[in-house]
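Below is one structure, written out as structure tokens; comments come after it.
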2 protein chains.
Amino acid sequence: MSETRILIVDDHPLFRRGVRQLVEMDPDMTIAGEASNGAEAVEAAGTLELDLILMDLNMARMDGLEALRQIRSNGVDTRLVMLTVSDADDDVVAALRAGADGYLLKDMEPEDLLARIKEAAEGKLVISPQLAAILAGIVSGGRAAPADALSSLTSRELDILRTLARGMSNKMIARRLDITEGTVKVHVKNLLKKLGLRSRVEAAVWAVNHGVS
Amino acid sequence: MSETRILIVDDHPLFRRGVRQLVEMDPDMTIAGEASNGAEAVEAAGTLELDLILMDLNMARMDGLEALRQIRSNGVDTRLVMLTVSDADDDVVAALRAGADGYLLKDMEPEDLLARIKEAAEGKLVISPQLAAILAGIVSGGRAAPADALSSLTSRELDILRTLARGMSNKMIARRLDITEGTVKVHVKNLLKKLGLRSRVEAAVWAVNHGVS
DNA sequence: GCGTGGCTACCCCCTAAGAGGTAGCCAGAT
DNA sequence: ATCTGGCTACCTCTTAGGGGGTAGCCACGC
């Protein structure tokens with residue numbers, strides 16, 4: 001398949017440049033155009049061949065929300081993700097109601113942001129983690145970490161988590177539980193997925209904070 | 001029962017000779033082997049039939065602490081006593097945390113040293129009197145580093161620790177603090193040493209338990 | 001002036017960690 | 001009888017982590 005063509009809309013040239021650099025680190029994505037305000041975005045959305053629009057909210061001539069509305073009312077259904085500093089509930093809700101396919105905060109980690117942009121291009125609804133709670137009550141498909149995450153773990157996974165949370169390496173855990181290191185890795189991998197975490201460090205902190213011991 | 005077989009690990013041949021002479025004054029003990037560095041010690045610990053290892057800390061090819069860790073991680077639980085000139089808190093704590101069964105200073109009186117070695121071979125935890133205070137602090141404070149470990153950290157190291165304890169990778173920390181990943185690694189390395197910990201996972205758990213946030 | 005500690009950055013080297021995948025075995029459920 | 005979930009074990013591949021070292025710059029204290 002050909003590369004994903006993206007329009008970046010933001011009134012700060014430097015920010016656009018940063019996003020361009022980030023996005024084009026991925027060989028499958030390219031910045032097909034830039035716009036510095038909502039009006040230009042509406043224009044570009046109607047003329048360029050686009051797969052995804054990254055839109056700022058706060059812009060001078062026309063803000064992102066209004067631009068989104070005009071784009072949609074022009075019958076353009078290009079995927080569009082808000083990329084902004086505002087974490088206000090109202091902004092999030094309004095953007096999604098107006099037809100945004102995602103809402104990301106500018107202070108995300110770059111590689112995380114890049115991953116979300118890719119997901120958005122693939123058709124997923126992407127939301128910054130901090131906003132997941134807000135979204136839970138509004139959108140049905142929200143992906144917030146389940147409160148009963150602990151009970152979803154098998155007893156073996158709990159064994160591993162408890163040991164991991166004492167700072168043990170996979171090898172030490174393996175020796176202690178008398179299984180191979182490879183098997184420990186499998187359990188760690190699975191429990192990370194179940195808990196929605198990304199590393200054993202997060203798992204250890206999670207375990208301590210949830211009284212797993 | 002048969003005589004106690006001891007491995008002496010020290011990079012000074014003369015010191016080894018002195019210990020050998022001292023130990024073999026006791027008819028129930030014998031020096032079953034000598035090693036001049038940590039690597040040799042790890043090797044010997046895995047092959048010789050031993051009851052006790054006397055290990056120096058400061059050695060060229062592999063220091064005693066690392067040798068101890070490797071021995072333990074090889075699943076060898078032979079009793080092991082550090083025999084060194086260092087009376088630094090950090091060294092004592094690290095050795096005991098790494099699984100040492102004792103920590104003796106080289107400037108002890110010979111007959112006193114011999115008595116302690118016998119005790120160690122019998123299963124006791126032996127500590128040079130001068131270090132008793134340190135040990136008391138460790139035992140009462142549960143696990144973890146010296147009481148003033150936190151205050152020994154520089155402000156930058158605290159920055160790193162706080163961020164690390166949120167599960168961030170070195171790369172993420174670097175981006176957040178606007179330094180290179182290499183520099184983050186340096187700080188992590190140093191704070192691990194100061195806290196007597198062995199991995200970022202232990203550091204994260206330590207941070208949570210000590211309210212570093 | 002000089003040394004020291006703190007922060008930064010880089011080097012090399014090796015191991016640990018994590019994401020994929022396949023697969024065998026077993027117990028409990030259907 | 002077949003299926004499913006859980007536990008085990010192995011594979012490959014890539015990145016992350018951590019130990020060792022050197023070094024420049026700066027601020028502080030002596």
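Residue numbers start from 1 in every chain, and the chains themselves are labelled A, B, ... in the order their sequence lines are given, proteins ahead of strands.
- Under 4.0 Å is where a charged nitrogen must lie from a carboxylate oxygen, and between B:R116 and B:D101 no such pair does.
- In this entry the distance linking NZ of A:K189 with P of C:dA16 reads 18 Å, nearest Å.
- At a threshold of 4.0 angstrom between heavy atoms, the contacts of A:T183 include nucleobase atoms, whether or not backbone atoms are also involved.
- Atom CZ of B:R156 is separated from atom P of D:dA27 by 16 Å (rounded to the nearest Å).
- Distances shown here put every side-chain N or O of A:T154 at or beyond 4.0 Å from the OP1 or OP2 atom of D:dG5.
- Summarising the geometry, atom CG belonging to B:L177 is positioned 8.5 Å from atom NE2 belonging to B:H187; distances are rounded to the nearest 0.5 Å.
- Computed from coordinates, the A:D178 CG to D:dA9 C1' distance equals 14 Å when rounded to whole Å.
- In this structure, A:K193 places its NZ atom 10 Å from C1' of C:dG20, rounding to the nearest Å.
- For the pair B:E202 (side chain) and B:R198 (backbone), a donor-acceptor distance under 3.5 Å is present.
- The side chain of A:S155 has D:dC7 as its nearest neighbour among D:dC7, C:dG21, C:dG18.
- Phosphate proximity of D:dA16 to B:K171: present, with a side-chain N or O under 4.0 Å from OP1 or OP2.
- Counting non-hydrogen atoms under 4.0 angstrom, A:V188 reaches the backbone sugars and phosphates but no base.
- When the C1' atoms of four end pairs are superposed on the next four at each end of the helix from C:dG1-D:dC30 to C:dT30-D:dA1, using five pairs per end, the two resulting axes differ in direction by 40°, to 10°.
- Computed from coordinates, the A:D159 CG to D:dG6 P distance equals 14 Å when rounded to whole Å.
- Comparing C:dA17, D:dC7, D:dA9 by their nearest atom to the side chain of A:R200 picks out C:dA17.
- Toward the 5' end of DNA chain C, the nearer of the two residues B:K185 and B:E181, judged by each one's closest nucleotide, is B:E181.
- Here D:dA16 presents its P atom at 15 Å from CG of A:L192, a figure rounded to the nearest Å.
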